[in-house]
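Here the structure comes first, spelled out in structure tokens, and everything after it is commentary.
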Amino acid sequence: MTWVDVPEGSPFGVRNLPYGVVSVDAGPPRPAVRVGDQVLPLAGLTDEPLFAGPTLNPFLAAGPDVWAAVRERVTSLLTDESDRARVEPLLIPIERCAPQLPMRIGDYVDFYSSEHHATNVGRIFRPNGDPLLPNWKHLPVGYHGRAGTVVVSGTDIVRPSGQLRAGEFGPSRRLDIEAEVGFVVGVPSEQGSPVPVGDFASHVFGAVLVNDWSARDIQSWEYVPLGPFLGKSFATSVSPWIVPLAALEAARVPGPPQDPEVLPYLRESDPWGLDLALEVRWNSQLVSSPPFAGMYWSPAQQLAHLTVNGASIRTGDLYASGTVSGPDKRQRGSFLELTWGGAEPVRVGDGQRTFLEDGDEVAISATAPGEGGSRIGFGEVTGRVVPAKA
Ligand code: MN
């Protein structure tokens, strides 16, 4: 039972309790937990100074024992009738809260771990070759992105300009999205020491939604031989609420079969994925429902791979899954795939769309099964495209 008011069907019940940072009535950033349509600021609720600053970084760095203790404490405060008189006056309606970036971002890595996405992109870009390159099933392909341009949901996205092909410069005409799930690192590792695949839960705190905005014309001209650069680095949006792994226990599903067998450092004793149901809305219209459960590479394998050379991770690091696409057309997590390279426009409202136009807004949301038959919500990551700067 719980005393706190949670609207019927809300995916932000007491089994979820995601963490974020909000500015209340335009005040300074404050770490908080979301419950229903309210937030509970965390500073002062515990004796520890973990929540005194403007980000969640001190809490993220504190590690699994502290994460579990704080979660238990907050759950008890919101459910135990004896705490109601003290805690209820502290709750703030979500309307008064402007979401901020929940953590000071460390490094940002983006993977490419959906077999359906990689296959679709391979077919579009290399119609005469094998859609998957030879390395794809041996390692989780990824690249280092630009941490400094990760922005919180709701931030406008300025259309990027760049080289679109040989001798041509201008605003991108093929601006796209990538619907992804991002993992937030809490506990750092030591440079020179890989993080074993089984140590995922000792380092990673939780998950957010990510929109990896992508300028396909800039990307396709620049990406050979060193990979994504200016076609990606102008902006990456994240949802404001970090859903703790502890809230996703009921969402764990077996991982997909991996053939060929992976190398020992990528081998999990109990391969797993997460049953997250994503939805992509283009100007409020549902255009795609990508399933995260079928991702080929798991978040634990991604972490093991990105540290296997001794690269260290830091508190606040973000690594994203890569575009989430399923086998069906309406499960594609990018407009490049949804419109098959722009050849098959989709109807959005009264018009046809291939890529994003100025003024378009995209919202990516997700839910997952929670404990006791509940639903766990991620909220959404939104962004509106504004015209290129002259
Ligand atoms: Mn991506």
Side-chain angles (χ1 to χ4, degrees), residues 105 107-125 131-133 135-136 139-151 153 155 157 160 162 172 174-184 207-224 226-239 274 276 278 280 282 288 290-292 294-299 301-303 305-306 317-326 331-339 341 355-356 362-366 378 380-383 385:
I105 310 272
D107 290 295
Y108 165 51
V109 163
D110 193 24
F111 285 96
Y112 190 57
S113 288
S114 158
E115 184 173 359
H116 299 292
H117 172 70
T119 302
N120 286 336
V121 171
R123 287 200 176 116
I124 292 168
F125 284 140
L132 290 184
L133 292 171
N135 60 3
W136 199 87
L139 54 83
V141 169
Y143 67 96
H144 279 87
R146 192 162 191 82
T149 52
V150 176
V151 296
S153 174
T155 306
I157 303 301
S172 170
R174 288 163 72 86
L175 184 56
D176 195 0
I177 64 140
E178 294 192 339
E180 308 194 13
V181 177
F183 292 83
V184 176
V208 293
L209 300 175
V210 175
N211 186 345
D212 174 25
W213 304 93
S214 300
R216 300 302 181 191
D217 34 17
I218 297 171
Q219 182 186 356
S220 62
W221 171 233
E222 75 179 358
Y223 86 103
V224 178
L226 287 186
F229 188 32
L230 303 180
K232 300 274 194 178
S233 63
F234 56 94
T236 306
S237 301
V238 295
S239 57
L274 289 171
L276 316 183
L278 277 63
V280 179
W282 197 340
S288 180
F292 189 71
M295 296 295 279
Y296 192 85
W297 296 104
S298 76
Q301 290 177 318
Q302 291 168 340
L303 184 64
H305 186 65
L306 86 84
D317 280 6
L318 173 70
Y319 67 97
S321 58
T323 308
V324 183
S325 290
Q331 295 179 325
R332 296 172 183 167
S334 71
F335 300 153
L336 174 76
E337 294 162 88
L338 206 57
T339 67
F355 293 97
L356 288 159
V362 174
I364 302 164
S365 58
F378 280 72
E380 54 181 25
V381 54
T382 70
V385 177

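When a ligand or atom number is given, it counts from 1 through the structure's own listing order. Numbers for residues simply follow the sequence, beginning at 1.
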(request) Using a strict cut-off of less than 4.0 Å between a Lys/Arg side-chain nitrogen and an Asp/Glu carboxylate oxygen, indicate whether Glu178 and Arg216 qualify as a salt bridge. (result) yes

(message) Ser325 and side chain to side chain donor-acceptor pair (under 3.5 Å): which single residue from Glu337, Glu115, Gln331 fits?
(response) Glu337

(request) Verify the neighbour count for atom CZ of Phe125: are there more than 12 heavy atoms of other residues, nucleotides or ligands below 6.0 Å? (result) yes

(message) Ignoring hydrogens, what is the shortest heavy-atom contact between Glu180 and Ala320? Give both atom names and the distance.
(response) OE1-CB, 3.2 Å

(request) Please name the pair of heavy atoms, one in Ile157 and one in Ala235, separated by the smallest distance, quoted to 0.1 Å. (result) CD1-CB, 3.8 Å

(request) Taking the Mn ion (ligand 1) as the centre, count the protein N/O/S atoms lying under 2.8 Å from it. (result) 4

(request) Spell out, as yes or no, whether a donor-acceptor pair under 3.5 Å connects the side chain of Trp136 to the backbone of Tyr112. (result) yes

